[in-house]
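Encoded as structure tokens, the structure appears first; notes follow it.
Order of the sequence lines sets the chain letters (A, B, ...), proteins ahead of strands, with each chain counted from 1.
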There are 4 protein chains.
Amino acid sequence: MAPNNPAPPDSTRRSERSRRAIYDAAIALVVEVGYPKTTIEGIAARAGVGKQTIYRWWGSKADVLLEAFLDLSEQAARTAAQEHESHEGREGRAGHESQGIPDTGDLAADLKLVLRATVDELRDPGFEAPSRALAADGVVNEELGRRFVAQLLEPQLQLYVDRLRSAQETGQVRPDIDPRIALELFVSPLAQRWLQYTGPITYEYTDTLVDYALNGLAPR
Amino acid sequence: MAPNNPAPPDSTRRSERSRRAIYDAAIALVVEVGYPKTTIEGIAARAGVGKQTIYRWWGSKADVLLEAFLDLSEQAARTAAQEHESHEGREGRAGHESQGIPDTGDLAADLKLVLRATVDELRDPGFEAPSRALAADGVVNEELGRRFVAQLLEPQLQLYVDRLRSAQETGQVRPDIDPRIALELFVSPLAQRWLQYTGPITYEYTDTLVDYALNGLAPR
Amino acid sequence: MAPNNPAPPDSTRRSERSRRAIYDAAIALVVEVGYPKTTIEGIAARAGVGKQTIYRWWGSKADVLLEAFLDLSEQAARTAAQEHESHEGREGRAGHESQGIPDTGDLAADLKLVLRATVDELRDPGFEAPSRALAADGVVNEELGRRFVAQLLEPQLQLYVDRLRSAQETGQVRPDIDPRIALELFVSPLAQRWLQYTGPITYEYTDTLVDYALNGLAPR
Amino acid sequence: MAPNNPAPPDSTRRSERSRRAIYDAAIALVVEVGYPKTTIEGIAARAGVGKQTIYRWWGSKADVLLEAFLDLSEQAARTAAQEHESHEGREGRAGHESQGIPDTGDLAADLKLVLRATVDELRDPGFEAPSRALAADGVVNEELGRRFVAQLLEPQLQLYVDRLRSAQETGQVRPDIDPRIALELFVSPLAQRWLQYTGPITYEYTDTLVDYALNGLAPR
DNA sequence: CTCTAACCGAGACGGTACGTCAGGTCTTGAA
DNA sequence: TTCAAGACCTGACGTACCGTCTCGGTTAGAG
């Protein structure tokens, strides 16, 4: 279809070593100097890699960072999973939503727990810097934004959908509610405060969001 | 305190002509070529202005655009106000939130109306391009983000606070609710969908948000 | 004739204070930072004068410096003349050529004396910096070069012409010699060494030049 | 010793193409618009080269022009040499001093011939413009001046030294004369007239210089 | 002894060029 | 063929001065 213009490189010969070094350099630079001052040349230099090696495999700074961050998330998830395993038996101590949202039967409590964990994550500079960078670029670059959402955000949101559906089955949420929209009532406010600095991010705040969303603003 | 190094220029001698031209050029370029490809040189050239005239009065591309957009908003508000005046007698047909949120007594209807107007605005390229650009830069540049919020976003949100308080007085909203948080239940989801392309933006969607937020997710 | 384009300013209202300050600033800057780094803005700032005051009365940096240097030379000449007067009675101890070249009857001795004084002058940074600057600009700017020569150099050279003519009358120089050309035999070599760094500038050197020039290179 | 900060570029990878284009552009611009209006940007643009490519290999406009002019001189010398070769058998018709000064046994005639050729050269705009530019900058920039002399001027002067020494052997010049100084008697006057516009440059003038210098000003 | 036209300081303005940085492409030599 | 290295062309950066143009204020000579 497309005239395969750029003659795609042979990925079997790809240097795993370089890929890792590039990921690490990209994340480190974003954390240390910020996204705008992170440059492809800087990443290449820090990774001990030729610029061409980056241009060969990625299309832009954002591409590099998106993959690097995905990789980082996977690592973190893997680590968390192992830890989870070693603590098996204990219930509920969810550390990271990628493990799924706990289902103790008490929807409000489960949501508050998970949102508190998210609050923690949003404050961890190691995660915050790259994800904020990607989110920012995604705001102005629709294609990147959609990939960011599809690969990072939506999988997280899907866990809320699952938990809400489960709550619908137990009657804690009205059956006519669309869970994909419902989750936004407590997730989006947190997201906006984080993205736009529209307010402080605290446990009390997220707890409140859950209460308001579940019970509504109108008198009962 | 600070040694106010660069000796601030004399604003009384400032050229109004240049300021206007720079505002116009900045907005036009962001709309036409996008924020990242909008350069200070480009703005200066398009405005028929020396680069130094921009650097003399603003600290960055974002500063220029923020002021330009503020100016644009004021113009729009002024225009809308005049139009409103000329249509006096008709009630309620608010076109722009800066006029305040209508208060017909029916909170849900009023909110839906305003949110629909916001949906329209978010789709107007003349407004979308610059505000998206500023929002994006604000995500990664906290100082800018806070100014964006303080000068553009928060005044809008305050209107919701007012309307919600009015609703509390008429008993349509529970008195223990914090309006500043409550408004996020329907505003933030819309904001996030717009910022991050996490879902379509439609009247049905915003209507649904209002219903969910007012009535809550839990069965009554 | 000409449409009196720029409407020449009224020189009777001219500020002597500013003129002096500009001269001083120009000379000082050329000495301190060099001609290329001397700017009109810098002169204006250092002189505590508006830029327009410079542009009103001079056409270029070189114009300013040329006048400043002429002024400086006149001052120096006046100072030297006073000093000369106070030492009256003593013969021959010419300090500065502008007083005329001494005429003791011994042409070689007189020339050597004057050239040694020139050597001293060429090494005085206060004179060297500005005159070198003007000479340099004159090399590449014919109009300036010709003014530099006419106003500064040629009057000096004329003194040599006079002395050589006197020597022709006493038979120390052949009558068919053109003094204006002859003087170049000892003046130009010194000038070139100074302008182009083609060799060291010493008393021995200038003495030698006089000997060679008077006696010729060929065996007698 | 010095911390050789800027990490000198790898000259083996240097683009010969760019170098040539830069030389040509620099010379052409100096001839066409003059040295002061010749800018690095202009050279880069005319040469179809990035500015950085100039800054990578040269430190200043003068550096570029000096090398360009040296290259031009070498080319010219090479061309002249070839021409000379093809005219072998004919004696004495020296076109360019770099071929050496002719030695017909008649010193005065040989010097006059060569100086007349120099007069021609000083009037060839292709040579005059760049060499005047370099000379001018060298007046005010000692480091450049010394390089100009060492690389361009002194080699020419050395030819006079050689010819004068030969004349000393044949008894046409007194043995106690220092040829390096002697040559200045006829070369420097011409140089000064050229540099400073102190007088017309003609064959008659240079012929006269030779006569005066060889025979001296004093009666024989 | 005003009045008023200029010169004055200051410095904003539209520009040009500076020297630097990074983007993305292309070439070279070693592995 | 990939890779590290880095030269190359491009284009924007933020700065320095250019020469022109107001803007009050001051200042002197014509009334």
Output the rounded distance in Å from CG (C:Asp63) to P (F:dG19). 11 Å

Do D:Tyr35 and D:Leu65 make a side-chain contact, defined as non-hydrogen atoms from C-beta onward lying under 4.5 Å apart? yes

Whole-Å distance between F:dC13 P and B:Lys37 NZ? 14 Å

Whole angstrom value for the distance that separates P of E:dC26 from CD1 of A:Ile54: 18 Å

Does D:Arg14 reach a base, just sugar-phosphate, or nothing at all? Heavy atoms under 4.0 Å. sugar-phosphate

On DNA chain E, compare the nucleotides closest to A:Thr38 and B:Glu16; which residue's is nearer the 5' end? B:Glu16

In terms of side-chain heavy atoms of D:Glu41, which of F:dG14, E:dG11, E:dG19 is nearest? E:dG19

In this structure, CD of D:Glu67 is separated from OH of D:Tyr23 (nearest 0.5 Å) by 4.0 Å

Do any side-chain nitrogens or oxygens of C:Trp57 fall under 4.0 Å of OP1 or OP2 in E:dC8? yes

Is any side-chain N of the basic residue among B:Asp24 and B:Arg46 closer than 4.0 Å to the acidic one's carboxylate O? no

Length of the line joining A:Ile43:CD1 and F:dA4:P, which is rounded to integer Å: 14 Å

Does any donor-acceptor pair link the side chain of A:Lys51 with the base of F:dG6 at a separation under 3.5 Å? no

Starting at atom CZ of D:Arg46, determine the distance to atom P of E:dA17, rounded to an integer number of angstrom. 14 Å

Earlier contact from the 5' end, DNA chain E, for B:Arg56 and C:Arg56: C:Arg56

Ranking A:Val49 and C:Ser60 by the position along DNA chain F of their nearest nucleotide, the one closer to 5' is A:Val49

Decide, yes or no, whether a salt bridge links B:Arg147 with B:Asp63 under the criterion of side-chain N to carboxylate O below 4.0 Å. yes

Side chain of B:Gln52, heavy atoms from C-beta onward: which of E:dG15, F:dG14, F:dA4 has the nearest atom to it? E:dG15

Roughly, in whole Å, what's the span from CD1 in B:Ile40 to P in F:dG11? 18 Å

Using the closest heavy atom to pick a nucleotide of DNA chain F for each, name whichever of B:Tyr55 or D:Ser18 lands nearer the 5' end. D:Ser18

What's B:Gly48 touching, base or sugar-phosphate or nothing? Going by heavy atoms closer than 4.0 Å. sugar-phosphate

Write down the distance between NZ (C:Lys61) and C1' (F:dA16), rounded to a whole number of angstrom. 13 Å

Do B:Thr53 and B:Arg56 touch side chain to side chain, with heavy atoms closer than 4.5 Å? yes

Should C:Thr53 be listed as having a side-chain N or O under 4.0 Å from OP1 or OP2 of E:dC7? no

Roughly, in whole Å, what's the span from CZ in B:Arg13 to C1' in E:dA10? 7 Å

